[in-house]
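Sequential numbering from 1 along the given sequence is applied to the chain's residues.
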Amino acid sequence: MFTPQGPTLRELAVQALSSIEHGYDLLAPKFDRTPFRTPAPLLEAVVRALRPFGPFGAGLDICCGTGAGVGALRRLCRDRVTGVDFSTGMLAGATSAFPRAADAPAVSWVRADARALPFRAAFDLAVSFGAFGHFLPGERPLVFAQAYASLRPGGRFVFPVPAPPRVGSALYWALWGFDAVMRLRNLLWHPRFVMYYRTFRLPDVLAELRDAGFTAELLPLTDLGRLPDGGPRCVLVVAHRG
């Protein structure tokens, strides 16, 4: 799963025993050499799905990490792009990865918590990739409300959601086991490190988006393949601010 240039087992263990913020500060220099970085095929599929709705003006990547989503937004937005994260280490890595370019919209970086974003009606498109596991289910409505407040009327909040693994499959048990270990770790060790894979259920998420004021639709990302029953392996949630 990891390249020789990626984090060592010891480094991962230290990260896992840290807080979320400090853990990602530690992991940031090698994050792009781990399987945790949003894969390029997923970013490409999202860009292709959103192009018919654009071009957009200003774009926001919520929990941007080292900036994978910012790279996608630069291809969709014409004015400016902002990445927001609460890890200074991740933002430092993102800043070095995206130097100013004359043929691309300007990029800025903001350190902030997704539960308290410092923006009001400033963006036309907001995205997030792979970050929702860091929020407990009770915190998601606040994150969605912050995304809503950050968008201009008519703006879109967009994120991919993979199909859940088949019950009893190897992936099902791997994710179940990871969440169980994480819950045990957080019972026995502080500060806690929140990262759960099985708490982000699409029906709950859609209901929470509606409660935040969004109107949501699902776009199948068929470029990423289909399940044996013909359904998409991944869908794109497109939540519209009225």
Legend entry - Heavy-atom side-chain proximity of L224 to P41 below 4.5 angstrom: yes
Inset, instruction - Measure from the side-chain N and O atoms of D79 to the backbone N and O of A58, and report whether any donor-acceptor pair falls under 3.5 Å. - result: no
Legend entry - Within-4.5 Å side-chain heavy-atom neighbours: P137 and D204: no
Legend entry - Shared hydrophobic cluster for V161 and L175 (ILVMFWY, side-chain gaps under 4.5 Å): no
Inset, instruction - Let me see the working for R210 and T215 under side-chain contact (heavy atoms from CB on, under 4.5 Å), right down to the final yes or no. - result: CA-CA 6 Å; R210 288 193 295 270; T215 301; over 6 Å; no
Inset, instruction - Could you walk me through whether F129 and F159 pass ring-ring contact (aromatic ring centres under 6.0 Å, His included), step by step? - result: CA-CA 6 Å; F129 294 93; F159 50 88; 9.4 Å; no
Inset, instruction - Answer yes when R152 and D124 have at least one side-chain N-carboxylate O distance shorter than 4.0 Å, and no when they do not. - result: yes
Inset, instruction - Quick one: pull up CG in L73 and CZ in R80 and give me the separation to the nearest 0.5 Å. - result: 11.5 Å
Legend entry - R192 side chain to W189 backbone, donor-acceptor under 3.5 Å: no
Inset, instruction - Look at the side-chain heavy atoms of Ile, Leu, Val, Met, Phe, Trp and Tyr, link any pair under 4.5 Å apart, and say whether V235 and V158 land in one connected group. - result: no
Legend entry - Smallest separation among heavy atoms of G67 and W109, with atom names: CA-CH2, 4.4 Å
Legend entry - pair F144-D211: side-chain heavy atoms closer than 4.5 Å: no
Inset, instruction - Measure the shortest side-chain to side-chain distance between R78 and F56 over non-hydrogen atoms and say whether it is less than 4.5 angstrom. - result: no
Legend entry - Criterion side-chain contact (heavy atoms from CB on, under 4.5 Å) on V237 and L202, from CA distance to verdict: CA-CA 9 Å; V237 176; L202 188 55; 3.9 Å; yes
Inset, instruction - Any chance you could lay out the side-chain contact (heavy atoms from CB on, under 4.5 Å) test for F214 and H240, step after step, and finish with the verdict? - result: CA-CA 5 Å; F214 287 107; H240 304 256; 5.7 Å; no
Inset, instruction - For the pair E217 and R156, find out whether any cationic side-chain nitrogen is under 4.0 Å from an anionic carboxylate oxygen. - result: no
Inset, instruction - For residues V84 and A112, report the shortest heavy-atom separation together with the two atoms involved. - result: CG2-CB, 3.7 Å
Legend entry - 4.5 Å side-chain heavy-atom contact, L236 and V46: yes
Inset, instruction - Can you measure from CD (Q146) to CZ (R120) and round to the nearest 0.5 angstrom? - result: 5.0 Å
Legend entry - Polar side-chain atom of T38 near backbone of A68 as donor-acceptor pair, under 3.5 Å: no
Legend entry - Considering all heavy atoms, the nearest C64-G83 contact: SG-C, 3.6 Å
Legend entry - Distance in Å, T199 OG1 paired with H134 NE2, rounded so as to fall on 0.5 Å steps: 11.0 Å
Legend entry - Distance, nearest 0.5 Å, that separates CG of L117 from CG of L60: 6.5 Å
Inset, instruction - Taking the six-membered ring for Trp and the full ring for Phe, Tyr or His, determine whether the centres of F119 and F123 are under 6.0 Å apart. - result: yes
Inset, instruction - Heavy atoms only: give me the nearest S128-P160 pair and the separation to one decimal. - result: O-CD, 3.6 Å
Legend entry - Heavy-atom pair with the smallest gap, counting every atom of A216 and L206: CB-CD2, 4.0 Å
Inset, instruction - Say whether V127 and V107 are linked into one hydrophobic cluster, either directly or through other cluster members, by side-chain heavy-atom distances under 4.5 angstrom. - result: yes
Inset, instruction - Kindly work out whether a path of hydrophobic side-chain contacts (I/L/V/M/F/W/Y, heavy atoms less than 4.5 Å apart) joins V47 to L219. - result: yes
Inset, instruction - Hey, can you tell me if Y197 and F178 have their rings parallel, tilted or perpendicular (30° and 60° cut-offs)? - result: perpendicular
Legend entry - Charged tip of R166 within 45° of Y172 ring normal and under 6.0 Å: no
Inset, instruction - Give a yes or no on whether L50 and L209 share a hydrophobic cluster (residues Ile, Leu, Val, Met, Phe, Trp, Tyr; joining criterion: side-chain heavy atoms under 4.5 Å apart). - result: no
Legend entry - T82 and its side chain to side chain contact (heavy atoms under 4.5 Å, CB included) partner, picked from S150, P105, S108, C77: S108
Inset, instruction - Could you tell me whether R111 and D85 have a side-chain N and a carboxylate O separated by less than 4.0 Å? - result: no
Legend entry - Reported CG-to-CD distance for the pair L221 and E44, which is rounded to 0.5 angstrom: 12.0 Å
Legend entry - Atom CZ of R233: over 12 foreign heavy atoms under 6.0 Å: yes
Inset, instruction - Applying side-chain contact (heavy atoms from CB on, under 4.5 Å), run through R198 and W176 and close with a yes or a no. - result: CA-CA 7 Å; R198 301 180 66 251; W176 189 94; 3.4 Å; yes
Legend entry - Spacing of CG belonging to L125 relative to CZ belonging to F157, to within rounding of 0.5 Å: 10.0 Å
Inset, instruction - Taking R241 for its side chain and L151 for its backbone only, find out whether a donor-acceptor pair lies under 3.5 Å. - result: yes
Inset, instruction - Measure up the F135 and F132 rings against each other and bin them: parallel (under 30°), tilted (30 to 60°), perpendicular (over 60°). - result: tilted
Inset, instruction - Determine the minimum heavy-atom distance between G65 and A94, stating which atoms define it. - result: O-CB, 3.7 Å
